Amino acid sequence: MRVTENLMVNTLLQDLRKAQGRLQRYQEQVATGRSFARPSDAPSAMARDLRLRSALNESDQYLRNTDDALNWLETTESALNSATQVLQRARALATAAGNAAPQSSLESMAMELAELKDHLVHIANTTLDGRYIFSGHQTLTAPFTVSGALVQYQGDNGLIVREIGSGATLDINTPGDQIFAGAFAALENLRSDLKNGKIDQISSARLAEMDKALDAMIGFRAQIGAKTNRMELTRSRLLDTQISLTRVLSEIEDADLSQVIMELASAEQAYQVALAAGARVIQPTLIDFLR
Amino acid sequence: MGSSFFGLEIARQALQAHRTAIDTTAHNVANASTEGYSRQVVSLRTAPPYAPPSFIAPLDAGQLGSGVMVDRVQRQRDAFIDAQMRTELKSLGEWEIRREVLAEVEVIFNEPSSAGLREVLDLFWQSLEDLGNSPESPAIRQTVVQRAIALDDTLVHMYRQFSELRSNLDLMVRSTISEINGLAREIGSLNTEIIKAETGGGQANDLRDRRDLLVDRIAKLAPVQVRETSVGGMLIQIAGTQLVQDERVYPLAPVNDLANLNFAVPTWEGTAVPAELTTGRLAGILQLRDDTIPGYMQGLTDLADGLATAFNGVHEKGFGLDGLSGRPLFVPDAGTGSLLRLNPDIKNDPGQLAASAPASAGAVGDGSNALAMADLMRQPIINGLTANGYWGSTMAKLGVEGQEAIRMADNQQSLVETLESWREYKSGVSLDEEMTNLIRFQHAYSAAARVLTAMDEMLNVIINHLGIVGR
């Protein structure tokens, strides 16, 4: 084999270029902390990476939806809690009236009941971020208005849903007339009976109505409680999903630093060896020895 | 019996021959680093012997050597390696440009990143989910509008960059055509010189080296078939059509293709026949310009069209805050250059976003149609894939193409480097070798000079010291 100076120089240059290429690749990985920077570095890992990033964004959004739903349910629960207290107070008044209270106190009871009714209207018109939560879809319209003794429902039967997973939705509202119509009627009947001193009716029909309204309210609260539970489970599942997605994403796209740094060190060494070998090989020719 | 001056003549020839050898050594050393240079070797031969044997001179001692002469100065070159090299260079030229341009495509697509189209699609989807959560909120409606515009902007930005890339590739086509023509003309004129120089015998070594170098260059650009003609010229063809034949050159011309944005088509000058380019750098550029890049652009328009059709279908069914329906979310670009142009009415009045499904007036709290639109991102709406899936598969395809280009270019590079080593092994100048030869030739020269001195002394004896008896 004839070996010429050019051949040695070319080989050296090629070796140096390859060593530098390797060095550059590992350096990039160490600097960015990622095992690939462009599709051609690792096409299939990159496709998975894109999918996972979108899945992460998706679960972020579902988490936000869930938090929003929880917020809504908590507001609903607290409104229904106050409504229960209102009804309980009304029931206590009905019981007291049944125990043959004097006419004057019946009248003051009737006045308190009017107050309670107003308070319940106020509760039924609860808002969250400026939206009425008991109006069905008519979230910008107050669901209940009072005209004289009558409380009228202005909302509709629309259900509001939150998406809490791919294709999984949950109704978070209950239209107000389903919850409050019975209670308003019971309160109004009781008030008018008290005012008119119909004690007999109070202890029988009115008390039964009040119990029914209370039962219904408790039923709705149980429903909200169940939904809240489901949301909390969903929330913790979504948090778990996020953690595992983040982990898998990091496994795919993060460079294994200990390994890459080892590779970098060995590439560095290979480069230096090539340089040292080049320095030795290139120097001497016959001319150095001729005199 | 030879003449008295016979020996002088032998010495003179020896001096001359070794002078030639030393000059050639000097030429080799001088061109040790010249690209494309092949080392030259002086082949010496004995001069025709004196007194051929004959019947009338039977008592002669035999043939008498008459010295040395230079037979030829020969460049050391392996035609087989040259042919191999040209084959591999064509592929190298094609894959190199492919690697270069696909890397640029990757930069344009900008994935994986938190600023690529995938992220913009996700943000658009998120804004629709938010709209589903709070359809009453003007701020969120505005967000949806802005995210839709951002989606269009991202698509358009990439599309424009691809258009520019195509224009740049077209410029590259034109400059490559003139480069090929320039090389062909230079080869043509070298052919003329070589034919002229070689008519009297011998080889035009340096001119041939230069020509081989130019042929290598042209081989990287176009798939040429190369053959030497009987007179020492060269026949270079592309798919059977002559580019150079001896001193004649048939150049290519960039003919504007009216059907293809006035891009240049390499056509044989003075004809309407396009050059048949199967491989090489020019073919690579043409393929990128007319096939690969338009493919990715088509991917963008497919994505935009798929989104527009699907979203309009759902949006038209829903109702805006004003209780009206039947409005498209995206409208045709109308010369704005948009790929996914948001309905300008909705842009001006985000209340027209049809977030709600029920028609009843005041049902502002219903976001189910917004959720139905959000759900479209999970539906196979673009060539049987979801928007994200389509994007992912486009990126995977780009990744595979890019990887292939890198691998092939690297492979070809290695092959070419190997062939360069072979060529160097055969044709390269070794300084050690030249120095050794220099010493050899120098000694031979000195010895020949010494022979001449001896002859001179002998003649001196005859001329000045004979015939003076008794003087």
Side-chain angles (χ1 to χ4, degrees), chain A residues 1-7 9-11 14 34 36-51 53-54 56-58 60-62 64-65 68-69 129-133 135-141 154-156 158-163 166-167 169 173 253 285-287 290, chain B residues 32-33 102-103 106-107 109 111-112 114 118-119 121-123 125-126 129-130 132-137 356 358 360 362-368 371 374-375 378 388-389 391-393 395-403 405-406 417 420-421 424-426 428-433 435-436 439:
Chain A
M1 174 98 185
R2 271 184 87 246
V3 177
T4 70
E5 283 74 19
N6 274 341
L7 185 59
V9 170
N10 288 347
T11 310
Q14 284 160 23
R34 293 170 51 166
F36 54 89
R38 49 194 80 76
S40 57
D41 289 346
S44 61
M46 194 260 345
R48 257 190 96 194
D49 182 74
L50 292 183
R51 248 195 337 271
R53 280 168 179 244
S54 285
L56 204 55
N57 279 340
E58 216 170 79
D60 257 353
Q61 182 65 36
Y62 290 141
R64 279 221 297 284
N65 295 356
D68 183 270
D129 298 334
R131 290 178 289 180
Y132 293 99
I133 60 175
S135 286
H137 283 158
Q138 316 270 334
T139 50
L140 297 180
T141 313
Q154 307 292 339
D156 58 22
L159 292 177
I160 289 172
V161 293
R162 288 288 174 269
E163 196 169 40
S166 175
T169 55
N173 73 325
E253 68 177 25
T285 67
L286 186 57
I287 303 153
L290 292 175
Chain B
S33 309
L102 285 174
E106 288 184 326
V107 172
F109 276 134
E111 297 282 7
S114 49
R118 182 202 54 77
E119 187 72 15
L121 279 170
D122 282 1
L123 286 174
W125 175 78
Q126 285 187 336
E129 286 274 326
D130 285 342
N133 290 343
S134 312
E136 312 89 342
S137 162
S356 77
S360 64
V364 292
D366 180 51
S368 53
L371 290 183
D375 188 52
R378 284 189 289 268
N388 269 321
W391 189 246
S393 78
M395 288 308 101
K397 180 170 155 253
L398 169 64
V400 171
E401 278 188 336
Q403 210 176 33
I406 292 169
E417 278 166 8
E420 264 166 9
S421 297
E424 188 63 29
Y425 161 69
K426 172 83 182 172
V429 174
S430 160
L431 290 180
D432 291 349
E433 196 177 78
M435 285 305 106
T436 314
I439 293 164

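Chain identifiers are assigned alphabetically (A, B, ...) following the order of the sequence lines, protein sequences preceding nucleic acid strands; residue numbering begins at 1 within each chain. Just so it is clear, the model here is predicted, and its values are computed rather than measured.
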### Query
Would E129(B) and N65(A) count as a side-chain hydrogen bond (donor to acceptor under 3.5 Å, both in side chains) if you check the C-alpha gap in whole Å, the side-chain angles of each, and the deciding distance to 0.1 Å?
CA-CA 8 Å; E129(B) 286 274 326; N65(A) 295 356; 2.5 Å; yes

#### Entry: With sequence neighbours excluded, residues passing salt bridge (Lys or Arg N to Asp or Glu O under 4.0 Å) with R162(A)
D68(A)

### Task
Check ring pair (Phe, Tyr, Trp, His ring centres under 6.0 Å) between Y62(A) and all other residues, then give those that pass, not counting sequence neighbours.
W125(B)

[X] versus chain B, the contacting section by heavy-atom distance below 4.5 Å:
{"X": "A37(A)", "answer": "backbone"}
{"X": "S44(A)", "answer": "neither"}
{"X": "R131(A)", "answer": "side chain"}
{"X": "S135(A)", "answer": "neither"}
{"X": "I160(A)", "answer": "side chain"}
{"X": "D41(A)", "answer": "backbone"}
{"X": "E253(A)", "answer": "neither"}

Does any heavy atom of chain A fall under 4.5 Å from the side chain of [X], the backbone, both, or neither of them?
{"X": "L431(B)", "result": "both"}
{"X": "V400(B)", "result": "both"}
{"X": "I439(B)", "result": "side chain"}
{"X": "K397(B)", "result": "neither"}
{"X": "T436(B)", "result": "both"}
{"X": "E401(B)", "result": "neither"}
{"X": "S356(B)", "result": "neither"}

Inter-residue atom distance [X].[atom1] - [Y].[atom2], 0.5 Å rounding:
{"X": "E111(B)", "Y": "R38(A)", "atom1": "CD", "atom2": "CZ", "result": "14.0 Å"}
{"X": "S368(B)", "Y": "E163(A)", "atom1": "OG", "atom2": "CD", "result": "11.5 Å"}
{"X": "D366(B)", "Y": "N173(A)", "atom1": "CG", "atom2": "CG", "result": "9.5 Å"}
{"X": "N388(B)", "Y": "R53(A)", "atom1": "CG", "atom2": "CZ", "result": "12.5 Å"}
{"X": "D432(B)", "Y": "E5(A)", "atom1": "CG", "atom2": "CD", "result": "5.0 Å"}
{"X": "I406(B)", "Y": "S40(A)", "atom1": "CD1", "atom2": "OG", "result": "4.0 Å"}

### R48(A) atom CZ, over 12 foreign heavy atoms within 6.0 Å
no

#### Entry: Student check: side-chain heavy atoms of I287(A) and M435(B) closer than 4.5 Å
yes

What is the minimum heavy-atom distance between [X] and [Y], and which atoms define it?
{"X": "G392(B)", "Y": "L50(A)", "result": "CA-CD1, 4.0 Å"}
{"X": "G167(A)", "Y": "R378(B)", "result": "N-NH2, 3.8 Å"}
{"X": "G365(B)", "Y": "T139(A)", "result": "CA-OG1, 3.2 Å"}

### Query
Hey, does the side chain of Q403(B) reach the backbone of P43(A) with a donor-acceptor pair shorter than 3.5 angstrom?
no

### Message
Has N6(A) got a side-chain atom pairing as donor or acceptor with A32(B)'s backbone, closer than 3.5 angstrom?
### Response
yes

### Message
Go through it in stages, so that I can follow the logic: the residues are R64(A) and N133(B), the test is side-chain contact (heavy atoms from CB on, under 4.5 Å), and I'd like the CA-CA distance, side-chain angles, deciding distance and then a yes or no.
### Response
CA-CA 10 Å; R64(A) 279 221 297 284; N133(B) 290 343; 5.7 Å; no

So which of [options] has the largest heavy-atom pair count under 4.5 angstrom toward chain B?
{"options": "M46(A), Q14(A), R34(A)", "value": "Q14(A)"}
{"options": "V3(A), L140(A), L159(A)", "value": "L140(A)"}
{"options": "G130(A), A47(A), S54(A), A42(A)", "value": "S54(A)"}
{"options": "G158(A), S166(A), G136(A), A45(A)", "value": "S166(A)"}

#### Entry: Among the listed options G367(B), S134(B), S393(B), the residue most often paired with chain A at heavy-atom distances under 4.5 Å
S134(B)

### Task
Check the pair E119(B) / N57(A) against side-chain contact (heavy atoms from CB on, under 4.5 Å), numbers first and verdict last.
CA-CA 9 Å; E119(B) 187 72 15; N57(A) 279 340; 3.3 Å; yes

### Message
Less than 3.5 Å apart, any donor N or O on the side chain of S430(B) or R2(A) sitting next to an acceptor on the other?
### Response
no

